[in-house]
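First up is the structure itself, then whatever we jot down about it.
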Amino acid sequence: MGVRSEGALSRSRDGKVMLQYQHGGERRVALWEPLSGGAIAETIFDSEGAVLRMSMLKGGTDCAGEIDCHMGRLISQAKLDRVLTGEYSDIRLKKSCPSCGAGPLSRFRGDDGANLPIMPVYVCGSCSGKCYHLTDPYLEYLVTNNRDLFSAQEQTQLDADKAAFLAELKEYIIRIYASKRIMRIK
């Protein structure tokens, strides 16, 4: 008999839906958040609360139904035999604040709260400082899924040496955020 796989599902009062599950032997968390205009943000986190993938899904008029549809797709892909329900709690990044060394670190949703920044930005619960955390898998996901944003020369460089291209891009990102005085979480 095979190993049974379980997931844990929870819903927030403001319409967010979270699914915790195993993927390739590692814990993952999927979060669907309704945004303005019927859009849905789908974010996949690792066991530490770091963003691995984030995409905006076009929703219809029934956002809750759309989220349930996307959730069902992931449950099927993850081959979950059983999904338990639990109490919702916001996802926190399990790292220390680079400013004060404390936490907790919560995701920053943007000034109006309706949109999510492309770069995962966090706010410290102790000092209220903003910081960012960029994982290599998320940067690779961004580049791979937004290839058309790069020039033909950059795409050639990407094809020739993906690791070097991603390392150079990461250095640019570090400099940009340093100039805005937003510290990097390592």
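Below, all heavy atoms of this structure are taken into account, side chains as well, without hydrogens, waters or symmetry copies. Because the structure is a prediction, the values reported are computed rather than measured.
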(request) Check whether any side-chain N or O of E154 sits under 3.5 Å from a backbone N or O of S151 as a donor-acceptor pair, and report yes or no. (result) yes
(request) Locate the shortest heavy-atom distance separating M183 from S99; write the atom from each residue and the value. (result) SD-OG, 3.3 Å
(request) Please tell me if the side chains of Q155 and L149 come closer than 4.5 Å, counting only heavy atoms from C-beta onward. (result) no
(request) Please examine the side chains of V51 and T135, heavy atoms only from C-beta on, and report whether any two atoms are closer than 4.5 Å. (result) no
(request) Answer whether the closest heavy-atom distance between the side chains of L134 and M119 falls below 4.5 Å. (result) yes
(message) When you group the ILVMFWY residues by side-chain heavy-atom contacts below 4.5 Å and let the links chain together, are Y132 and I91 in the same group?
(response) yes
(message) Is it true that, when you exclude Q77 itself, more than 12 heavy atoms of the residues, nucleotides or ligands shown sit nearer than 6.0 Å to its CD?
(response) yes
(message) One pair to check against salt bridge (charged side-chain N to carboxylate O under 4.0 Å, His left out): D159 and R147. What are the steps and the verdict?
(response) CA-CA 11 Å; D159 293 336; R147 238 183 118 82; 2.9 Å; yes
(message) Rounded to the nearest 0.5 Å, what separates atom OG in S106 from atom CG in L93?
(response) 9.5 Å
(request) Please indicate whether I118 has more than 12 foreign heavy atoms, meaning atoms of other residues, nucleotides or ligands, lying under 6.0 Å from its CD1. (result) no
(request) Can you see which heavy atom on L31 is nearest to which on F45, and at what distance? (result) CB-CE1, 3.8 Å
(message) Contact between D68 and M71 at the side-chain level, heavy atoms closer than 4.5 Å - yes or no?
(response) yes
(message) If I compare all heavy atoms of Y122 with all of G49, which pair ends up nearest, and what's the gap?
(response) OH-O, 3.6 Å
(request) Going by the side chain to side chain donor-acceptor pair (under 3.5 Å) test, name the single residue among Q22, E48, Q20 that passes it with R27. (result) Q20
(message) Is any side-chain heavy atom of V143 closer than 4.5 Å to one of L169?
(response) yes
(message) What I'd like to find out is whether the side chain of L139 reaches to under 4.5 Å of the side chain of I173, using heavy atoms alone.
(response) yes
(message) Tell me whether R107 is salt-bridged to D90, with the criterion being a basic N under 4.0 Å from an acidic carboxylate O.
(response) no
(message) Any salt bridge linking K170 with E168? Criterion: basic side-chain nitrogen under 4.0 Å from a carboxylate oxygen.
(response) no
(request) Nearest 0.5 Å please: distance from the CD1 atom of I174 over to the CD atom of E171. (result) 4.5 Å
(request) Going by the side-chain contact (heavy atoms from CB on, under 4.5 Å) test, name the single residue among V17, L57, I67 that passes it with E42. (result) L57
(message) Within this structure, what is the CE-CG distance for the pair M54 and N145, rounded to the nearest 0.5 Å?
(response) 12.0 Å
(message) Looking at H133 and I185, would you say the former's side chain and the latter's main chain have a donor-acceptor pair under 3.5 Å?
(response) yes
(request) Might you point out which heavy atoms bring P104 and R92 nearest each other, and give the distance in Å? (result) CB-CD, 3.7 Å
(request) Please test M18 against V29 for side chain to side chain contact (heavy atoms under 4.5 Å, CB included), starting from the C-alpha separation and ending with a verdict. (result) CA-CA 7 Å; M18 179 173 36; V29 178; 3.4 Å; yes
(request) Evaluate the side chain to side chain contact (heavy atoms under 4.5 Å, CB included) criterion for residues F108 and K130: first the C-alpha distance (whole Å), next the side-chain angles of each, then the deciding distance (0.1 Å), finally the verdict. (result) CA-CA 8 Å; F108 177 70; K130 283 185 188 174; 3.5 Å; yes
(request) Check whether any side-chain heavy atom of R13 sits under 4.5 Å from a side-chain heavy atom of Y88, and report yes or no. (result) no
(request) Give a yes or no on whether the backbone of G103 and the side-chain of S126 come within a donor-acceptor separation of less than 3.5 Å. (result) yes
(request) Taking all heavy atoms of A102 and all of C124, pick out the closest pair and write down the distance. (result) C-SG, 4.4 Å
(request) Show the numbers, then the answer: is there a side chain to side chain contact (heavy atoms under 4.5 Å, CB included) between L142 and E140? (result) CA-CA 5 Å; L142 282 176; E140 186 172 347; over 6 Å; no
(request) Any chance you could measure L105, atom CG, to S96, atom OG, to the nearest 0.5 Å? (result) 7.5 Å
(request) Can you see which heavy atom on C131 is nearest to which on I182, and at what distance? (result) CA-CG2, 3.7 Å
(message) Taking atom NE2 as the centre, does H70 end up with more than 12 heavy-atom neighbours from other residues, nucleotides or ligands that are less than 6.0 angstrom away?
(response) yes
(message) Do D81 and E6 have side chains that approach each other closer than 4.5 Å (heavy atoms only, starting at C-beta)?
(response) no
(request) Taking only Lys NZ, Arg NE, NH1 and NH2, and the carboxylate oxygens of Asp or Glu, determine whether D46 and K94 approach each other closer than 4.0 Å. (result) no
(request) Give a yes or no answer on whether the side chain of S5 reaches the backbone of K79 with a donor-acceptor pair at less than 3.5 Å. (result) yes
(message) Tell me if the aromatic rings of F150 and F165 count as close, with their centers under 6.0 Å from one another.
(response) yes
(request) Could you verify whether a donor N or O on one side chain and an acceptor N or O on the other, from T43 and R53, lie under 3.5 Å apart? (result) no
(message) Parallel, tilted or perpendicular, judged at 30° and 60°: which one describes the rings of Y141 and Y138?
(response) parallel
(message) Run E26 and S47 through side chain to side chain contact (heavy atoms under 4.5 Å, CB included) and show every step you take.
(response) CA-CA 7 Å; E26 295 181 24; S47 62; over 6 Å; no
(message) Is there a path of hydrophobic side-chain contacts, each under 4.5 Å between heavy atoms, that joins I75 and I44?
(response) yes
(request) Give a yes or no on whether the backbone of G72 and the side-chain of S76 come within a donor-acceptor separation of less than 3.5 Å. (result) no
